[in-house]
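Contents: one structure, followed by commentary.
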Number of protein chains: 2
Amino acid sequence: MTSKINKIAIIGSGNLATNLAINLSNKDFDIVQIYSRNIENAIELAKQTNSEPISDLALLTKQADLYIVAVSDSAISEVVSKINIKNKLVVHTSGSVSVNVFGNKFENFGIFYSLQTFSKSTIVDFNNIPILIEANNIQNLNNLTNLARCLSNTVRVISSEDRQKIHIAAVFANNFTNHMYSLSQQYLESNNLDIELLKPLIIETAHKILDNNPKDIQTGPARRNDKITIEKHIEMLKNKPEFQKLYSFVSESILNFYKSDK
Amino acid sequence: MTSKINKIAIIGSGNLATNLAINLSNKDFDIVQIYSRNIENAIELAKQTNSEPISDLALLTKQADLYIVAVSDSAISEVVSKINIKNKLVVHTSGSVSVNVFGNKFENFGIFYSLQTFSKSTIVDFNNIPILIEANNIQNLNNLTNLARCLSNTVRVISSEDRQKIHIAAVFANNFTNHMYSLSQQYLESNNLDIELLKPLIIETAHKILDNNPKDIQTGPARRNDKITIEKHIEMLKNKPEFQKLYSFVSESILNFYKSDK
């Protein structure tokens, strides 16, 4: 495969598939097909991208230059086993699944991982989203790099091993962080208080890391080793064992993290 | 005390004291004194605010309209015991210390809590920072409200009990969140990878909560109940027991949080 990528089949219709398909379509790539096991979902996304919707992988076109598998991690292996494409380029989009999932079945394969959190309801611009790519040979790597550069200013070639490590770090920085927001909101709501008051703090905390090492800007009772406040908070959370456990555990983790600094 | 607040003494020279003193000075309040037990720190902040530096509370002026105690939570009680002011207004600035810390010693007292994280090196504008106030009578409450409104668009009267609850929520949303960033960075660095790649994700995650309930936008392996990825991540972290413990614990917390949704 030496030709430039133009015709693209999208396998999936979830949060990432939707964001990718619409962004690629906006950049004048030809989204020829959208596959979803639920035909309604395929039809909906196909409408937005001028594509053919299918719900059976046996109907997958042979005419695309690139097949993007954008399904949940646990479904990748099964979907890949059902793709009967010999020499075209097939990629998946997962942070945590190794390139080895393609086995010996394909001549041309790779990874196209967008390092961001997506939702169907908000289509984001890929301009500032890092795209991490990997491929089985230089030609495929070049084609994927060129494609990625049409979408994003930050394109990196990253091995499966490093991508999986970056994905773990992203779980801490994104999923766990959002869980802290959720807990904060639930705690406030259960006390008839409102998370609105905390939003400036949340935004400031995130923006501070743009110019600072997060380790250096840590504040709060655990960072100050303020055992009186920590104990008081744990006591105040006594009727909420889940919150109490998490408060103790993360505070302990902060204390340990800075122990060598004392 | 019925007069408007103009002359202010700042007791403390740390992150919050510095931000408060400079912002109040910029709004043309007269910062008459800066106290710090370390005179060098008092001198440095006093220079920036045209004030008199002192390092002995016995030298505290009797001429201020307001005394703002901006010291660490654990020092408030001792500092308050050394303030010999009869009928002027004295406030502290802590999220977690009750108004009762003033005991019966003062005729006029209250709380002036700025809901934000501060550092000396970056002076932030208080415009969007919520200020939560409390006072022992209506006159003091009005004076503090008027003062707070000179600094911020968001001023609320909040009881000590509710302020302490909001402070717990802020620990989750700010301190614990920043710790997740720190862990993420440390893990990447120990693998010769760079947190730069994650910054767009971190900013997007924070901004998403401005228009969404954090509970509704949670993503990631634990939210999807993707046990294969969770197990793989835990296995990959086997040489980093602190990270492994935290990964398991927070993932478990996310699973429990959404259990009733399944």
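Just so you know, these numbers come straight off a predicted model, no measurement behind them. Residue numbers start from 1 in every chain, and the chains themselves are labelled A, B, ... in the order their sequence lines are given, proteins ahead of strands.
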Atom group of [X] that falls short of 4.5 Å from chain A, counting heavy atoms:
X: B:Gln218; answer: both
X: B:Thr122; answer: neither
X: B:Phe118; answer: backbone
X: B:Lys208; answer: side chain
X: B:Gln186; answer: side chain
X: B:Leu188; answer: side chain
X: B:Leu197; answer: both
X: B:Glu242; answer: side chain
X: B:Thr117; answer: both

Heavy-atom check, side chain of B:Leu115 versus side chain of A:Pro200, under 4.5 Å: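 Sidechains of A:Pro200 and B:Leu115: no contact.
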Minimum side-chain heavy-atom gap A:Glu204-B:Asn128 below 4.5 Å: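 Heavy-atom side-chain distance check fails, nothing below 4.5 Å.
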Side-chain donor or acceptor of B:Lys215 paired with backbone N/O of A:Ser182 under 3.5 Å: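 No, because the side chain of B:Lys215 does not come within donor-acceptor range (under 3.5 Å) of the backbone of A:Ser182.
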A:Lys165 side chain vs B:Asn191 backbone, donor-acceptor pair below 3.5 Å: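 Answer holds: no.
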Could you grab the distance from atom [atom1] of [X] to atom [atom2] of [Y], nearest 0.5 Å is fine?
X: B:Tyr181; Y: A:Asn174; atom1: OH; atom2: CG; value: 9.5 Å
X: B:Leu246; Y: A:Asn256; atom1: CG; atom2: CG; value: 10.5 Å
X: B:Ile166; Y: A:Leu201; atom1: CD1; atom2: CG; value: 11.5 Å
X: B:Ile202; Y: A:Ile209; atom1: CD1; atom2: CD1; value: 3.5 Å
X: B:Lys199; Y: A:Leu210; atom1: NZ; atom2: CG; value: 6.0 Å
X: B:Asp162; Y: A:Asn192; atom1: CG; atom2: CG; value: 8.5 Å

Any side-chain donor near an acceptor of the partner, A:Asn175 and B:Thr219, under 3.5 Å: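 There is such a pair between these side chains.
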Side-chain donor-acceptor contact under 3.5 Å, A:Ser96 with B:His233: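 Their side chains do not contain a donor-acceptor pair, so the 3.5 Å distance test is not met.
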Hey, which of [options] has the most heavy atom pairs under 4.5 Å with chain B?
options: A:Ser74, A:Ser94, A:Ala173; value: A:Ala173
options: A:Asn212, A:Ile217, A:Ile129; value: A:Ile217
options: A:Asp216, A:Asn213, A:Ile158; value: A:Asn213
options: A:Gly95, A:Ala170, A:Ser72; value: A:Ala170
options: A:Ile203, A:Val124, A:Thr229; value: A:Ile203

Evaluation steps, side-chain contact (heavy atoms from CB on, under 4.5 Å), between A:Phe176 and B:Leu183: CA-CA 11 Å; A:Phe176 290 0; B:Leu183 292 169; over 6 Å; no
Worked verdict on A:Met180 versus B:His179 for side-chain contact (heavy atoms from CB on, under 4.5 Å): CA-CA 11 Å; A:Met180 299 302 140; B:His179 187 51; over 6 Å; no
Options B:Leu198, B:Ile228, B:Leu132, ranked by heavy-atom pairs under 4.5 Å with chain A, top entry: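 Winner by heavy-atom pair count: B:Leu198.
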Test log, rule side-chain contact (heavy atoms from CB on, under 4.5 Å), inputs A:Leu237 and B:Ile168: CA-CA 9 Å; A:Leu237 292 169; B:Ile168 287 185; 4.1 Å; yes
Criterion side-chain hydrogen bond (donor to acceptor under 3.5 Å, both in side chains) on A:Thr205 and B:Asn178, from CA distance to verdict: CA-CA 7 Å; A:Thr205 303; B:Asn178 190 69; over 6 Å; no
